Amino acid sequence: MLKLHNLCKIYQTDEVETTALDKINIQIEKGEFVAIMGPSGCGKSTLLNIIGMLDSPSSGEYYFLGDEIAHASEKQLANIRKRNIGFIFQSFNLIEELTVFENVELALLYNDVPAKERKERVTQVLDKVGIAHRAKHMPSQLSGGQQQRVAVARALVARPAMILADEPTGNLDSAHGEEVMQMLKTLNEEGSTIIMVTHSPSHADYARRTINLFDGQVVTEMHRAAE
Amino acid sequence: MFKNYLLTAFRNLLRHRLFSAINIVGLAIGLASVILIILFIRDEIGYDQWIVDSERIVRVHMSYVPTDGEPFETVKSAGKIREAFSNDAPEYVEDSVRLIISRSNLIRSGQSFSEVVFYGDNSFFDVFDLPFLHGDKKTAMNDVDNVIISETIARKYFGRTDVIGETLTFCCLNDKEATVKISAVLKDMPENTHFDLDIMLVIEPSRFAFAPNMLDTWSSVNVYTYFKLMHANDIAPFQAKIYDWLNEKSTFIQFVSEGKVTDILKYKVMSIEDIHLKAIAHTGNMGSIKALGDIKLIYAYSSIAILVLVIACINFMNLATARSNARAREVALRKVVGASRSQVATQFISESIFLCLISFVLALALVELAMPFYNEMLGGKQLALEYSNITFLFLLVGLSIVVGLLGGTYPAFFLSSFRPALILKANQSTQQGGGNNIRTYLVIFQFAASICLVICTAIVFSQTNYARNIDLGYSVKGKLVLRNIAAGGGNLDSDALKNRLLSLPMVTNVAYSSDVPSDDHNNNAGFRRLSAGDVAGAMGERIFLNYYSMDIDFMESYEIKILAGRAFSSDFPSDTVAFTEEEGAIGTGAIILNESAARKLGFDSPDKAIGQVIRGSMARLGDADMTIIGVIPDIYFRSIKFGIRPSVYFRRTDRFSNATIKFTTNDVPTLIKQVEQIWNEVAPMVPFRYEFVNELIKAQYADEQAKYKLFMVFSVLAIIIACLGLYGLASFTAEQRTKEIGIRKTFGASVADIILLLVWQFSKPVLISNIIAWPVAYYFMKDYLSGFQYRINLGPEYFILASFIALVIAWFTITWHAARVARAKPVNALRYE
Ligand SMILES: Nc1ncnc2c1ncn2[C@@H]1O[C@H](COP(=O)(O)OP(=O)(O)O)[C@@H](O)[C@H]1O
Ligand SMILES: [Mg+2]
């Protein structure tokens with residue numbers, strides 16, 4: 001699915017230069033469930049953002065579905081992104097002014113899906129994550145767990161090949177956290193590639209492979225045999 | 001405490017440079033506009049108020065509205081009115097004076113200068129207690145051979161001001177050279193006076209022997225008559241008494257067959273304090289001494305001033321509330337450590353006033369910078385910021401504080417109402433800056449006001465342009481008018497002058513006339529057809545028409561089209577009107593009509609008028625039966641604002657005041673030099689005074705245009721201020737919506753999608769504001785245009801254009817921000833939560 005080769009990300013702020021990612025080499029196959037772990041500030045989010053094409057690397061190569069895209073334009077990236085990638089964030093990142101339905105619909109809106117089909121697909125996916133009865137509510141009226149379900153629905157609705165989740169359970173209590181993990185697991189079983197950043201070793205256990213980062217470098221990779 | 005507020009205010013100012021700059025600059029432009037407008041209005045409404053006892057000095061204006069015929073209104077009155085009113089109402093009249101204004105030539109060391117000369121009754125300084133520099137008010141006018149001059153004239157002719165006892169020589173007074181002695185020197189009068197007195201001679205009947213209709217007359221209106229009343233509240237009873245006199249005792253009774261005299265003829269009393277602004281509405285500006293102001297303009301300016309200020313205030317409020325998010329934390333923390341709501345509110349209000357005072361200082365600088373241009377645009381006013389006038393300065397400072405209060409109160413109460421717990425609770429990620437709705441309403445209001453101003457400006461501009469470009473009916477190019485033809489006491493050989501001028505190769509035509517375009521002496525007389533309708537010999541109805549006299553070649557010089565018949569010609573000696581001195585005798589001659597006059601006299605077409613005879617009865621000249629030889633189109637001698645009057649033109653050969661020279665050269669300086677040389681040989685002692693016809697015409701509209709230009713300038717400023725606000729708001733909103741934009745981009749929104757989103761957010765209020773602006777502008781412009789006889793159509797194009805302009809400007813303002821935000825990498829937007 002994707003391959004990173006000697007990928008580096010250096011942040012240049014006023015005087016300090018932070019090397020957030022240092023010569024990362026990773027390959028992820030279609031259908032994998034990968035967990036990324038590591039202490040705070042080690043570059044997990046940076047890595048995920050680059051994989052998700054929300055940011056571009058300072059150097060190195062990034063092959064996505066065979067194409068080298070490290071130097072692609074913002075516009076090209078946006079195009080690949082909207083067709084292939086869904087995001088889930090720690091802080092949900094729902095738009096406060098839009099209803100649950102509209103938040104989910106957003107991912108289809110920019111994919112030129114006709115209105116009727118949009119409605120069907122959004123209803124379907126809200127059903128799937130068990131939040132359909134809240135479709136007309138505003139995000140602020142929902143609990144954290146419910147908000148994250150909406151976020152999951154939004155990530156799913158465009159049927160992306162890959163879902164990126166940055167600490168999706170970080171703001172949730174353990175029960176809700178488990179719920180979200182179950183959803184991700186099901187998705188993976190249905191064929192989606194999932195890359196997830198997490199601090200929780202038990203949640204990392206859901207993944208078949210765990211990549212440990214430290215100071216911007218991959219320190220260990222751990223495969224778990226299929227059960 | 002206060003120091004702490006000031007410190008926060010100052011730091012905030014520095015930290016949010018864009019907002020501060022927009023606030024301060026916008027407000028400074030607003031305040032500067034308002035100060036400039038206030039200065040203008042203060043000057044306009046202060047006309048003549050500096051004159052001692054101004055509240056009880058009045059002038060009488062004549063209004064003559066015949067039942068059938070054009071009304072004739074003027075600020076002048078007949079020579080006998082002063083005496084009549086004084087005698088009839090001694091209980092109200094303390095003193096009175098007449099004023100006659102004309103040009104004369106002053107001769108000084110072999111050179112002559114054309115000057116405006118005032119003649120006044122010797123009571124002049126009892127009525128107008130003007131400040132003297134030298135001489136004695138009581139005796140200055142005692143001697144007929146005295147002259148009183150202004151400081152400026154003294155300096156011009158003597159280089160000093162203590163010139164009492166010196167003499168001045170005029171040529172001519174009553175056709176004779178006359179030397180008079182300076183008895184007093186007046187201080188120069190301020191510019192805001194309805195007359196500007198430079199040279200004052202005494203009215204002495206013998207001086208007007210050449211013009212018997214000047215003083216001893218009830219019917220010819222050639223003098224200005226002022227009364228000083230006992231009390232300011234005598235104006236109304238004095239007016240009533242005048243009406244009674246007109247209806248019951250005056251000589252006019254015999255001319256009115258039915259109804260009262262005052263149905264037709266009125267003398268209306270007006271306080272001199274009102275002359276400048278209200279005379280136009282009262283009796284028009286016919287005969288006015290100086291260019292008059294217009295109260296409507298004052299209203300228009302005041303409205304603009306208020307609008308500009310409100311728009312600037314709204315910016316203030318909008319930007320302050322928009323920023324509330326950014327400051328919510330500060331408010332919360334202050335409250336946590338014990339600040340009360342009112343203390344927080346006080347802090348924000350002081351901050352707002354602090355900003356206003358900075359703007360005020362900047363505004364003063366802007367006013368100083370703009371002042372020279374402003375004065376020039378206003379046609380040479382001498383407005384200035386008087387820093388020594390403490391009250392006025394305090395007023396302005398007070399104004400800025402009020403603006404600060406207005407702009408600061410709402411945000412202050414809005415911000416101070418935040419509850420700290422809510423704000424400090426960490427994960428309230430997008431506590432959207434409240435007051436979004438109110439901000440939208442305010443933006444709608446701002447744009448409604450701006451669009452309204454744009455529409456008005458466009459219409460005023462078009463109307464002015466239309467008026468200026470209307471076909472006058474004659475050509476104004478390549479024409480020079482020589483004035484002072486009649487000034488030499490009748491000893492100018494006009495035939496010689498004409499012949500010599502014609503001998504110049506670049507001169508193609510020379511024509512003498514009583515009036516030239518832009519002047520209009522408004523001579524009226526009754527005319528009637530000798531045989532009207534089917535009945536042979538039945539006299540037609542008497543109709544009042546304007547008349548002008550001229551010599552041959554006038555029509556040719558001005559390239560006036562002849563619709564029927566012919567122009568005056570030397571081939572027909574009978575063209576010249578011959579008035580007879582004999583009692584009861586009737587002269588003969590030829591006459592040319594304009595289309596309106598032909599219609600009024602009942603001719604169906606120009607052709608039908610030719611060969612017909614009309615009888616004119618001209619007060620000064622006598623009666624004459626005149627054969628119609630030609631009909632010309634309606635030509636406009638004066639600004640079309642005054643409309644077209646039915647007029648007749650006839651040929652005389654006596655003294656004309658003007659000669660029009662039609663020339664064909666681009667080398668005007670050489671032409672002038674040659675003409676002047678001939679002039680100096682033919683009329684050595686008469687000053688050479690010339691004007692270009694196209695400039696005379698332009699000058700007719702100059703005053704209006706200057707004022708409308710100002711109107712436009714202030715409208716544009718209002719729009720700029722509104723846009724500044726929009727810019728700030730857009731930048732704020734873009735910032736506020738960064739996270740949302742990041743999310744949208746993450747899920748596939750393109751740069752164009754985002755720009756559209758933001759642009760639409762701001763287009764909505766602009767579009768809505770049209771709904772408010774259109775009817776308001778329509779209402780005012782309908783009224784404005786109704787004041788013009790010849791006017792443009794109030795079509796939808798102005799409204800659509802203005803809205804479009806507003807929209808484009810708004811887009812222009814917003815798109816830049818939108819594009820910047822839209823292009824940013826989504827990750828940046830999502831990072832900080
Ligand atoms: N936009 C940025 N500018 C400067 N430094 C950054 C930026 N984003 C991340 N960093 C730095 O890069 C490093 C990695 O950050 P991040 O990927 O967010 O860590 P993690 O998600 O593992 O906690 C940190 O040291 C962080 O301070
Ligand atoms: Mg992180």
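These numbers were taken from a predicted model, which means no experiment stands behind them. Keep in mind that the numbers below use all heavy atoms, side chains included, and drop hydrogens, waters and symmetry copies. The chains referred to below are lettered A, B, ... by the order of the sequence lines, with proteins before strands, and numbering in each begins at 1.
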What distance separates Phe747(B) CZ from Leu109(A) CG, expressed to the nearest 0.5 Å?
12.5 Å
Side chain / backbone / both / neither for Ile85(A) at chain B, heavy atoms under 4.5 Å:
neither
Verify side chain to side chain contact (heavy atoms under 4.5 Å, CB included) between Leu106(A) and Arg744(B), making sure each step is shown before the conclusion.
CA-CA 7 Å; Leu106(A) 197 73; Arg744(B) 284 179 187 272; 3.2 Å; yes
Smallest heavy-atom separation, Lys745(B) atom then Arg81(A) atom, equals O-NH2, 3.1 Å
Phe354(B) CZ: over 12 foreign heavy atoms closer than 6.0 Å:
yes
Would a 4.5 Å heavy-atom cut-off, applied to side chains only, mark Arg154(A) and Ile743(B) as touching?
yes
Interatomic spacing from OG1 in Thr746(B) to OH in Tyr110(A) - rounded to 0.5 Å
11.0 Å
